[in-house]
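Hydrogens, waters and symmetry mates are skipped; everything else that's a heavy atom, side chains included, is used. To find a chain, count down the sequence lines: A is the first, B the second, and so on, and within it residues start at 1. No experiment lies behind these values; they were computed from the predicted model shown.
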Protein chains: 2
Amino acid sequence: MFSISAEQLSVLLVKRPDAEPEPYPGRWALPGGFVDVTQDATLQDCAMRKLHVKTGVDAPYLEQLGSWGGATRDPRGWSCTHAYFALMAAPAISAKDEGSSPSEWVPVETALRRRLAFDHNAILEAAVERLRSKVEYTSLPAFLLPVPFTLPQLQRSYETVLGRALDKSAFRKRMLDADYLEEAGMLTTDQGRPAMGYRVRNRERAVVFPRGFKSGEAPG
Amino acid sequence: MFSISAEQLSVLLVKRPDAEPEPYPGRWALPGGFVDVTQDATLQDCAMRKLHVKTGVDAPYLEQLGSWGGATRDPRGWSCTHAYFALMAAPAISAKDEGSSPSEWVPVETALRRRLAFDHNAILEAAVERLRSKVEYTSLPAFLLPVPFTLPQLQRSYETVLGRALDKSAFRKRMLDADYLEEAGMLTTDQGRPAMGYRVRNRERAVVFPRGFKSGEAPG
DNA sequence: TCAATAGTGTCTATTAGACAATATACT
DNA sequence: AGTATATTGTCTAATAGACACTATTGA
């Protein structure tokens with residue numbers, strides 16, 4: 001689960017219980033859990049359920065990332081995990097409001113420097129790589145903003161994920177030419193001229209642009 | 001497992017046993033099977049093993065496609081499958097040389113019209129869609145050819161997958177500018193001028209071009 | 001010499017980006 | 001007015017595609 005927190009691309013981590021029978025006690029991990037065959041009709045349903053429990057968010061952008069399976073990734077034996085990645089607006093309140101287990105939004109660079117539970121470092125790396133590469137040629141960063149948002153805010157969202165500046169004029173042309181945004185009234189900001197607010201027309205799927213940004217990495 | 005057979009993008013199908021205890025007896029299905037935790041260290045290893053058993057091919061292009069899990073996809077109960085797709089050169093001999101179970105290379109359009117076992121129609125659709133969309137901006141069709149191959153052959157491979165003609169000059173510029181091919185001596189053909197043979201430098205991963213072909217669908 | 005295919009050259013329309021200029025808010 | 005930000009316009013360099021042309025083989 002990704003969001004922009006403190007001007008940085010951040011990921012939600014949960015702390016594993018300290019109790020010994022569980023593997024990796026006390027370690028930070030990506031949110032997850034076991035499929036419950038009594039309530040999860042599909043893998044996607046399971047991911048949605050976990051996500052709702054953790055964040056209260058109902059309809060984020062959700063995409064299957066991949067599956068990791070093998071003999072050594074869990075000390076309890078051969079196991080397989082199904083990773084999804086979700087994009088959502090920065091939560092107003094910190095994620096810790098559940099009494100259950102501690103969780104926090106951590107900038108991805110920080111998270112990757114920690115030794116996460118299981119093979120979650122590898123999974124997070126893959127997720128960040130996929131996100132960064134898709135941001136070069138899709139509208140994904142729009143899902144990291146609360147609606148409505150302005151084009152300058154959207155541009156900052158792109159720049160935050162990509163870690164480099166983009167040209168304003170070219171950026172606006174790309175977004176408006178793709179015709180995936182609809183106007184949602186003027187928004188006044190703290191300072192300066194107000195800007196048009198937008199929302200994405202179809203929150204189910206991202207828009208794909210015909211090419212990436214200049215000198216941008218190509219999709220993987 | 002995809003290949004080009006009879007000038008068409010084709011997929012390997014296997015016939016399920018007629019014995020009743022097995023679900024979907026006698027139906028055509030995508031090749032697959034259960035993970036064997038005693039010999040498959042990872043999911044990827046398992047996919048490689050299945051592929052080798054079915055086709056004898058050792059090092060094709062292999063990519064994880066996605067996972068399908070749910071309560072209704074297998075009559076025996078909640079199940080999860082991990083789909084990979086492989087690209088390989090057209091096998092000289094038909095795939096049926098195993099005495100085990102009947103299998104055949106079928107053009108994808110034909111295969112999709114059949115009622116395959118399980119949810120394999122959906123999986124095959126996803127695979128074809130992924131392949132077609134990635135062909136717009138990657139070097140994937142190079143893996144569908146025996147090496148060495150000529151640029152005209154490579155172009156036909158692209159055109160076969162995409163189902164439309166490409167401009168020769170632009171195509172050659174794209175391939176050679178990407179610098180992912182190395183020369184492998186002249187090849188004489190049945191008729192006309194001989195052509196330079198090429199092989200891909202790195203068979204592990206596909207090359208990504210900075211943009212798609214004109215009017216091509218964008219990557220998904 | 002002809003048919004067939006491989007390979008190259010030229011021109012043009014498109015467009016992403018650089019960057020300057022203008023517009024609109026608040027103080 | 002002056003500052004800060006949003007939005008638009010102009011110019012240019014890069015390039016993909018259209019298409020004509022040349023090159024090299026065998027019959």
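For the pair B:Arg174 and B:Phe209, the cation-pi test (distance below 6.0 Å, angle within 45°) is passed. Cation-pi geometry between A:Arg205 and A:Tyr180 is not met: the NZ or CZ atom fails to fall both under 6.0 Å from the ring centre and inside 45° of the normal.
Rounded to the nearest 0.5 Å, atoms CG (B:Leu13) and OG (B:Ser103) are 9.0 Å apart. In this structure, CZ on B:Phe143 lies 8.5 Å from CZ on B:Phe149, to the nearest 0.5 angstrom.
Between the CG atom of B:Leu181 and the P atom of C:dA6 there is a distance of 16 Å, given to the nearest Å. Protein atom CG of A:Asp190 is 13 Å distant from nucleotide atom P of D:dA4, rounded to whole Å. If you take CZ of B:Phe171 and P of D:dT15, they are 19 Å apart, rounded to a whole angstrom. The CG atom of B:Asp177 sits 14 Å away from the P atom of D:dA14 (whole-angstrom rounding). Atom CD in B:Glu159 sits roughly 13 Å away from atom P in C:dT5 (whole-Å rounding). Atoms CG (A:Leu154) and P (D:dA6) sit 12 Å apart, rounded to a whole Å. B:Lys214 has its NZ atom 12 Å from the P atom of C:dA13, to the nearest Å. Between the CG atom of A:Leu187 and the C1' atom of C:dA25 there is a distance of 13 Å, rounded to whole Å.
Residue B:Leu87 is tested with B:Leu9, B:Ile4, B:Leu131 for a side chain to side chain contact (heavy atoms under 4.5 Å, CB included); the sole match is B:Leu131.
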What string of B, S and - do you get for nucleotides 7-12 of chain C, 5' to 3', if B is base contact, S is sugar-phosphate-only contact and - is no contact with any protein heavy atom under 4.0 Å?
BBB---
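Put simply, the side chain of A:Glu136 never gets that close to the backbone of A:Ser133: no donor and acceptor are under 3.5 Å apart.
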